[in-house]
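Take a look at the structure set out below.
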Amino acid sequence: FRDCQPMPSRVFTPDQDGTITLVHLQLPQSTNGVTAIAVTEEPASGSKLPTTQPFLVGTVTRSQ
């Protein structure tokens with residue numbers, strides 16, 4: 001989330017054992033305004049806004 005608005009990232013599918021290694025994940029160039037990173041279940045084609053409730057959320061903090 002940047003400035004309280006969700007931002008789309010990359011669609012991925014975990015392996016059968018539930019693991020995944022993400023390569024070339026596009027992250028914002030700056031963390032200004034970024035407060036959290038969340039994972040939702042979305043269609044394979046992706047979506048501009050989340051269509052489901054996040055099941056994994058991490059808070060982003062800035063070090064001074």
Side-chain angles (χ1 to χ4, degrees):
F1 292 92
R2 174 174 266 161
D3 299 325
C4 299
Q5 298 297 315
M7 296 176 52
S9 186
R10 185 170 168 201
V11 175
F12 59 89
T13 303
D15 294 332
Q16 287 183 337
D17 65 358
T19 63
I20 188 163
T21 301
L22 293 175
V23 180
H24 304 294
L25 182 63
Q26 293 179 343
L27 298 173
Q29 292 182 1
S30 168
T31 58
N32 290 339
V34 177
T35 57
I37 297 173
V39 177
T40 58
E41 187 172 344
E42 300 298 335
S45 60
S47 58
K48 291 185 178 186
L49 295 173
T51 61
T52 62
Q53 199 64 18
F55 62 87
L56 180 63
V57 178
T59 303
V60 176
T61 58
R62 291 176 48 130
S63 58
Q64 300 296 335

query = For Asp17, does its backbone N or O pair with a side-chain atom of Asp15 as donor and acceptor, under 3.5 Å?
reply =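 Here the side-chain-to-backbone pair does not exist.
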message = So, using side chain to side chain contact (heavy atoms under 4.5 Å, CB included) as the criterion, who are the partners of Pro8 when residues are at least two apart?
response =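 Once residues adjacent in sequence are excluded, Pro8 has no partner under the side chain to side chain contact (heavy atoms under 4.5 Å, CB included) criterion.
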request  = Report yes or no: do Val11 and Leu56 belong to one cluster of Ile/Leu/Val/Met/Phe/Trp/Tyr joined by side chain heavy-atom distances under 4.5 Å?
outcome  =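 Different clusters: Val11 never reaches Leu56 through Ile, Leu, Val, Met, Phe, Trp or Tyr contacts under 4.5 Å.
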request  = For a side chain to side chain contact (heavy atoms under 4.5 Å, CB included) with Val34, tell me which candidate from Val60, Asp3, Thr61 qualifies.
outcome  =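 When side chain to side chain contact (heavy atoms under 4.5 Å, CB included) is applied between Val34 and each of Val60, Asp3, Thr61, only Val60 qualifies.
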Please list every donor-acceptor pair under 3.5 Å in which a side-chain atom of residues 36-45 meets a protein atom from a residue at least two apart or in another chain.
residue: Thr40; atom: OG1; partner: Glu42; partner atom: OE2; Å: 2.6
residue: Glu42; atom: OE1; partner: Ser47; partner atom: OG; Å: 3.0
residue: Glu42; atom: OE1; partner: Thr51; partner atom: N; Å: 3.2
residue: Glu42; atom: OE1; partner: Thr51; partner atom: OG1; Å: 2.4
residue: Glu42; atom: OE2; partner: Thr51; partner atom: N; Å: 2.9

